[in-house]
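Here is how names work: the chains are called A, B, and so on, in the same order as the sequence lines, proteins then strands, and each is numbered from 1.
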2 protein chains.
Amino acid sequence: MPNSEVLPLPAPAAGGSAVAPGFPPLTERPLGAGEAEAVARMFKALGDPVRLRLFSAVASHEGGEACVCDISDVGVSQPTVSHHLKKLREAGLLTSERRGTWVYYRVEPSVLSTMGHLLTPPATAA
Amino acid sequence: MPNSEVLPLPAPAAGGSAVAPGFPPLTERPLGAGEAEAVARMFKALGDPVRLRLFSAVASHEGGEACVCDISDVGVSQPTVSHHLKKLREAGLLTSERRGTWVYYRVEPSVLSTMGHLLTPPATAA
DNA sequence: GGCCCATGTCGACGCCCGTCGAAACAGGTG
DNA sequence: CACCTGTTTCGACGGGCGTCGACATGGGCC
């Protein structure tokens with residue numbers, strides 16, 4: 001079971017969803033220390049070019065999931081790919097599932113909406 | 001002039017806007033190496049709790065701008081705050097302007113929409 | 001002009017992170 | 001069972017990053 005480590009997030013819904021909504025837009029009010037730490041983990045996970053490409057490859061793959069063997073062409077060694085995928089898993093952005101020989105990754109459903117919500121521009125379109 | 005360094009981004013519109021749209025959603029197609037590097041810079045800038053709090057403080061501040069003295073209470077020394085604000089500037093997320101004694105920071109207008117666009121969920125809400 | 005306050009810069013230190021090769025583990029196939 | 005392929009883990013190395021204190025700079029104020 002590849003999904004080993006989980007993280008302390010505000011409302012870890014009991015459905016395997018590690019990233020929960022509940023974060024206000026960054027423009028709404030200053031983030032508290034705890035919130036910032038949790039949110040920063042997500043952004044940090046996407047703050048590496050290799051991880052970003054892996055995430056994008058999974059997110060844009062047909063069927064919403066991708067085998068490691070299909071997305072390993074990002075210019076680094078295969079162990080490094082695995083390492084980054086693990087980071088993305090630990091950050092709650094991806095989930096993995098082994099089916100026979102191959103391991104398939106998919107985007108944690110709530111991630112895009114949660115992070116997108118954080119970046120909501122202020123209502124008053126100044 | 002605090003805004004010293006700029007970055008190589010795809011379409012640096014000639015308006016002082018360092019972050020330009022032109023990045024497809026991460027779910028649309030796998031990011032190329034160059035794109036990933038540029039986009040990762042933005043996410044990386046928000047991947048630190050202190051920077052995230054500073055960014056949020058500026059973004060949520062009345063009038064869209066904040067004096068350093070108003071947002072320096074993030075638990076680190078003042079030089080560190082300045083260091084992180086510089087990082088956010090170099091990443092194109094903030095701009096700064098000196099008015100008299102104080103320096104005011106504001107969010108680069110296109111940032112929120114650009115990054116939000118990157119996180120657009122797939123049209124097929126599967 | 002001289003002082004003080006607000007910011008930014010410099011140099012140093014320690015830790016975290018990305019990277020790799022080698023080895024371990026998992027599962028299918030003969 | 002032996003072997004092969006796909007994937008993860010381990011240990012190590014090097015560079016980058018966050019943090020600080022001390023100092024430089026810039027601009028009001030008396």
Side chains of [X] and [Y] in contact at under 4.5 Å (non-hydrogen atoms):
X        : Y        : answer
A:Arg51  : A:Leu46  : no
A:Phe23  : A:Met115 : no
A:Pro25  : A:Leu118 : no
B:Leu112 : A:Thr120 : no

Measure [atom1]/[X] against [atom2]/[N] and give the value in whole Å, please.
X       : N      : atom1 : atom2 : answer
B:Arg89 : C:dT7  : CZ    : P     : 13 Å
A:Leu94 : D:dT7  : CG    : P     : 15 Å
B:Glu97 : D:dG26 : CD    : P     : 17 Å
B:Arg41 : D:dC17 : CZ    : P     : 11 Å
B:Gln78 : D:dT25 : CD    : P     : 16 Å
B:Asp73 : C:dA6  : CG    : P     : 14 Å
B:Lys86 : D:dT19 : NZ    : P     : 16 Å
B:Arg53 : D:dT19 : CZ    : P     : 11 Å

According to a strict under-4.0 Å criterion, is [X] in side-chain N/O contact with OP1 or OP2 of [N]?
X        : N      : answer
B:Thr80  : D:dG18 : no
A:Tyr104 : D:dT7  : no
A:Ser82  : D:dT8  : yes

query = Hey, is the main chain of A:Tyr105 close enough, under 3.5 Å, to the side chain of A:Thr95 for a donor-acceptor pair?
reply = no
key: Donor-acceptor under 3.5 Å (A:Glu35 side chain, A:Gly32 main chain)   =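 Looks like yes, one N/O pair under 3.5 Å.
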task = Mark up nucleotides 22-30 of chain C, 5' to 3', with B wherever a protein heavy atom is under 4.0 angstrom from a base atom, S wherever such an atom reaches only the sugar-phosphate, and - elsewhere.
result = B----SS--
5' precedence on DNA chain C between A:Gly75 and B:Val68 (nearest-nucleotide basis) =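 Nearer the 5' end of the strand: B:Val68.
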What nitrogen or oxygen pairs link the protein and nucleotides 14-17 of chain C at under 3.5 Å?
from: C:dC17; atom 1: OP1; to: A:Lys44; atom 2: NZ; distance (Å): 3.2

request  = With rounding to the nearest 0.5 Å, note down the distance linking CG in B:Asp48 to CD in A:Glu37.
outcome  = 9.0 Å
task = Give me the residues of residues 57-67 of chain A where at least one heavy atom lies under 4.0 Å from an atom of DNA chain C, by number, or none.
result =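 Per residue number, the list is empty: none.
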query = Going through the checks in order, is the side-chain contact (heavy atoms from CB on, under 4.5 Å) test met by B:Leu93 and B:Val107?
reply = CA-CA 6 Å; B:Leu93 304 191; B:Val107 174; over 6 Å; no
request  = Applying side chain to side chain donor-acceptor pair (under 3.5 Å), name anything that partners B:Ser77, two or more places apart in sequence or on another chain.
outcome  =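 By the side chain to side chain donor-acceptor pair (under 3.5 Å) rule, B:Ser77 matches B:Thr80.
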remark   = So salt bridge (charged side-chain N to carboxylate O under 4.0 Å, His left out) across residues 56-75 of chain A, not counting sequence neighbours, yields A:Glu65-A:Arg99, A:Glu65-A:Arg106
task = Would you check, one step at a time, whether the test side-chain contact (heavy atoms from CB on, under 4.5 Å) holds for A:Trp102 with A:Val68?
result = CA-CA 7 Å; A:Trp102 293 281; A:Val68 176; over 6 Å; no
Just list the side-chain donor-acceptor pairs under 3.5 Å for residues 52-59 of chain B, sequence neighbours left out, or say none.
from: B:Arg53; atom 1: NE; to: A:Leu31; atom 2: O; distance (Å): 3.3
from: B:Ser56; atom 1: OG; to: A:Leu26; atom 2: O; distance (Å): 3.0
from: B:Ser56; atom 1: OG; to: A:Arg29; atom 2: O; distance (Å): 2.9
from: B:Ser56; atom 1: OG; to: A:Leu31; atom 2: N; distance (Å): 3.0

